[in-house]
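Single-structure report; data block below.
Given the structure is predicted, the values throughout are model-derived calculations rather than measurements. We use all heavy atoms of the structure for the numbers below, so side chains are in, but hydrogens, waters and symmetry mates are not.
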Amino acid sequence: MTPRASGITVCVRRYLERYFKDLDGERPRTVYDMVLKNVEKPMIEVVLDYAEGNQTVAARWLGINRNTLRKKIEQLKIKM
């Protein structure tokens, strides 16, 4: 595992641990969807920024199809 991937893992783990502590006995809901929604948009925004808005390049870097990226941009209301 690369240091950067490890850093992301640590951040997500800390966030989830805090989330469960903050629940204060309440039952969690849709944790999987919550994490994906909070990670997906900034990930796509940063990759698009580094790809200088080139969706073909960004899709390749993300490992997804360009059409999938376009759908995500629309769904997540990412400004280009």
Side-chain angles (χ1 to χ4, degrees):
M1 186 175 300
T2 66
R4 288 179 193 235
S6 177
I8 292 170
T9 301
V10 169
C11 288
V12 172
R13 182 178 298 277
R14 284 183 186 157
Y15 173 83
L16 286 170
E17 287 173 353
R18 185 169 20 124
Y19 169 76
F20 278 98
K21 285 178 186 174
D22 289 348
L23 285 175
D24 196 32
E26 294 290 321
R27 295 220 180 247
R29 289 203 207 123
T30 62
V31 175
Y32 183 82
D33 287 338
M34 175 191 67
V35 171
L36 287 184
K37 287 177 184 175
N38 282 285
V39 171
E40 191 173 35
K41 185 175 182 177
M43 175 184 61
I44 291 172
E45 289 172 333
V46 169
V47 170
L48 279 166
D49 188 44
Y50 276 91
E52 298 177 345
N54 185 320
Q55 293 178 20
T56 302
V57 171
R60 190 176 327 119
W61 289 354
L62 288 164
I64 62 175
N65 181 286
R66 185 175 177 274
N67 289 330
T68 301
L69 176 59
R70 290 180 58 78
K71 284 184 205 174
K72 293 289 183 184
I73 290 169
E74 287 180 28
Q75 289 171 351
L76 299 169
K77 297 180 173 115
I78 295 173
K79 295 181 183 185
M80 296 292 300

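Using modelled atom types, one side-chain atom of N38 and one backbone atom of M34 make a donor-acceptor pair closer than 3.5 Å.
Hydrophobic clustering (ILVMFWY, side-chain heavy atoms < 4.5 Å, transitive): I64 and V47 are in one cluster. V46 and V39 sit in two unconnected hydrophobic clusters of ILVMFWY residues. Membership requires side-chain heavy atoms under 4.5 Å apart, directly or through other members. By the criterion of side-chain heavy atoms lying less than 4.5 angstrom apart, applied directly or through intervening Ile, Leu, Val, Met, Phe, Trp or Tyr residues, Y50 is not grouped with I8; the two fall into different hydrophobic clusters. Under the 4.5 Å side-chain heavy-atom criterion for grouping Ile, Leu, Val, Met, Phe, Trp and Tyr, V10 is not connected to M43 through any hydrophobic cluster. L36 and I44 are not part of a single hydrophobic cluster, where members link through side-chain heavy atoms under 4.5 Å apart.
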Side-chain donor-acceptor distances from residues 16-25 under 3.5 Å, at least two apart:
none

Under 3.5 Å, sequence neighbours excluded: what are the donor-acceptor pairs made by side chains of residues 66-79?
from: R66; atom 1: NE; to: T56; atom 2: OG1; distance (Å): 3.3
from: R70; atom 1: NH1; to: Q55; atom 2: OE1; distance (Å): 3.3
from: K72; atom 1: NZ; to: E40; atom 2: OE2; distance (Å): 3.0

